[in-house]
Asks: 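Dropping a structure here in structure tokens format, bear with me for questions.
Scope of the values below: all heavy atoms of this structure, side chains included, with no hydrogens, waters or symmetry mates. Everything quoted here is computed from the prediction, not taken from an experiment.
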Amino acid sequence: MRKAGKRRAVGASAPMLVMRGLVNDTLEVRERMAVQAFSDGWATIQDFDTLADMQGVLLLAGTTSKEREPAAKWARDVLGKTLGSIRARYMKTNKMGCTADELKVLRSFVGRYMDFWIRQPFGLYKAACQQLQVEYNRMAKEEDERKAA
């Protein structure tokens, strides 16, 4: 006798837990290495961009439902403040770095980010990444138009 329960539609994407497990070597290592770069003092713009991309994806996903709003709020209010501080310091000194308190926020972010995504459908992650790229393309176009003017 078959168990009655939820059935996934044919062609539906795997849960993020499964997908994250399949590509975890690539994603989580890159995410954790970005934070480790700040910890060790050799962070680059690419490390900062990795964290900013993660924040952007989380912010976009957080707008999709009431249950996801706390993640977006934390990413905006706590992480946003930290990344803003790091960016401002870089603009002044041309050196990428963070304080001990900022490093604590960055370290907690990687864990929060992974915990958030393993509970979400993979389709949401994919859509958020695509939307972030659309936004980056729009910003680049505006910048090109501004430079041309």
Side-chain angles (χ1 to χ4, degrees), residues 1-91 96-144:
M1 176 170 209
R2 291 181 83 175
K3 289 184 176 182
K6 288 185 179 179
R7 296 176 197 232
R8 290 176 14 127
V10 175
S13 64
M16 187 63 176
L17 179 60
V18 173
M19 295 307 292
R20 180 78 188 202
L22 294 174
V23 294
N24 201 43
D25 289 344
T26 306
L27 290 176
E28 190 174 359
V29 168
R30 186 181 75 211
E31 294 160 0
R32 292 195 183 280
M33 285 306 297
V35 174
Q36 191 62 41
F38 278 96
S39 176
D40 293 347
W42 47 268
T44 64
I45 292 172
Q46 289 78 19
D47 297 311
F48 179 86
D49 288 348
T50 294
L51 297 171
D53 287 346
M54 292 166 61
Q55 180 202 26
V57 171
L58 189 57
L59 287 168
L60 288 166
T63 64
T64 60
S65 75
K66 291 280 188 203
E67 294 80 25
R68 297 179 184 124
E69 277 182 12
K73 184 177 180 350
W74 188 89
R76 182 185 62 243
D77 298 344
V78 178
L79 182 64
K81 187 179 194 181
T82 298
L83 291 178
S85 177
I86 292 169
R87 184 171 193 263
R89 189 177 305 110
Y90 176 77
M91 298 303 279
M96 194 62 66
C98 65
T99 66
D101 288 339
E102 291 166 346
L103 184 58
K104 286 179 187 177
V105 171
L106 296 180
R107 284 186 173 142
S108 71
F109 174 51
V110 174
R112 284 174 178 261
Y113 186 78
M114 188 178 72
D115 288 345
F116 174 83
W117 282 112
I118 61 174
R119 292 173 175 80
Q120 307 303 320
F122 182 68
L124 176 64
Y125 179 75
K126 188 175 175 182
C129 288
Q130 289 170 346
Q131 186 58 40
L132 184 62
Q133 187 59 55
V134 166
E135 186 62 22
Y136 284 160
N137 292 343
R138 183 192 62 76
M139 291 166 54
K141 183 179 176 184
E142 285 178 3
E143 180 68 19
D144 289 345

Asks: I'd like to check R107 versus L103 (side-chain heavy atoms, cut-off strictly below 4.5 Å). Are they in contact?
Replies: yes
Asks: Go through the steps for I45 and M96 under the test side chain to side chain contact (heavy atoms under 4.5 Å, CB included), then give the verdict.
Replies: CA-CA 7 Å; I45 292 172; M96 194 62 66; 4.1 Å; yes
Asks: Side chain to side chain contact (heavy atoms under 4.5 Å, CB included) with R112: which residues, sequence neighbours excluded?
Replies: W74, S108
Asks: Under 4.0 Å between a side-chain nitrogen and a carboxylate oxygen: does that hold for E67 and R119?
Replies: no
Asks: Taking the side chain as every heavy atom from C-beta outward, state whether Y125 and Q120 have any pair of such atoms under 4.5 Å apart.
Replies: no
Asks: When you measure from the side chain of T82 to the backbone N and O of V78, does any donor-acceptor pair fall under 3.5 Å?
Replies: yes
Asks: Any side-chain heavy-atom pair from R68 and F116 closer than 4.5 angstrom?
Replies: yes
Asks: If you measure from OH on Y113 to CG on L79, what distance do you get to the nearest 0.5 Å?
Replies: 11.0 Å
Asks: Check whether any side-chain heavy atom of F109 sits under 4.5 Å from a side-chain heavy atom of V35, and report yes or no.
Replies: no
Asks: Quick one: pull up CZ in R76 and CD in E69 and give me the separation to the nearest 0.5 Å.
Replies: 8.5 Å
Asks: Between E28 and R32, does the salt bridge (Lys or Arg N to Asp or Glu O under 4.0 Å) criterion hold? Intermediate values first, please.
Replies: CA-CA 6 Å; E28 190 174 359; R32 292 195 183 280; 2.6 Å; yes
Asks: Minimum heavy-atom separation for L83 and A52, please, with both atom names.
Replies: CD1-CA, 4.1 Å
Asks: Are the side chains of L51 and I86 in touch, meaning some heavy atoms are under 4.5 Å apart?
Replies: no
Asks: Would a 4.5 Å heavy-atom cut-off, applied to side chains only, mark S85 and R89 as touching?
Replies: yes
Asks: What pair of heavy atoms forms the shortest contact from T63 to L60, and how long is it?
Replies: OG1-O, 2.7 Å
Asks: Within the structure provided, determine whether K141 and D144 are in side-chain contact (heavy-atom separation under 4.5 Å).
Replies: no
Asks: Take V57 and M54 through the side chain to side chain contact (heavy atoms under 4.5 Å, CB included) test and state the conclusion after the steps.
Replies: CA-CA 5 Å; V57 171; M54 292 166 61; 6.0 Å; no
Asks: Would you check if there is a donor-acceptor pair between the side chains of T50 and D47 at a distance under 3.5 Å?
Replies: no
Asks: Check A128 against A61 and note the closest heavy-atom contact, atom names and distance.
Replies: CB-N, 4.4 Å
Asks: When rounded to the nearest 0.5 angstrom, what is the spacing between CD in E143 and OH in Y136?
Replies: 14.5 Å
Asks: To the nearest 0.5 Å, what is the distance between CD on E31 and CG on D53?
Replies: 10.5 Å
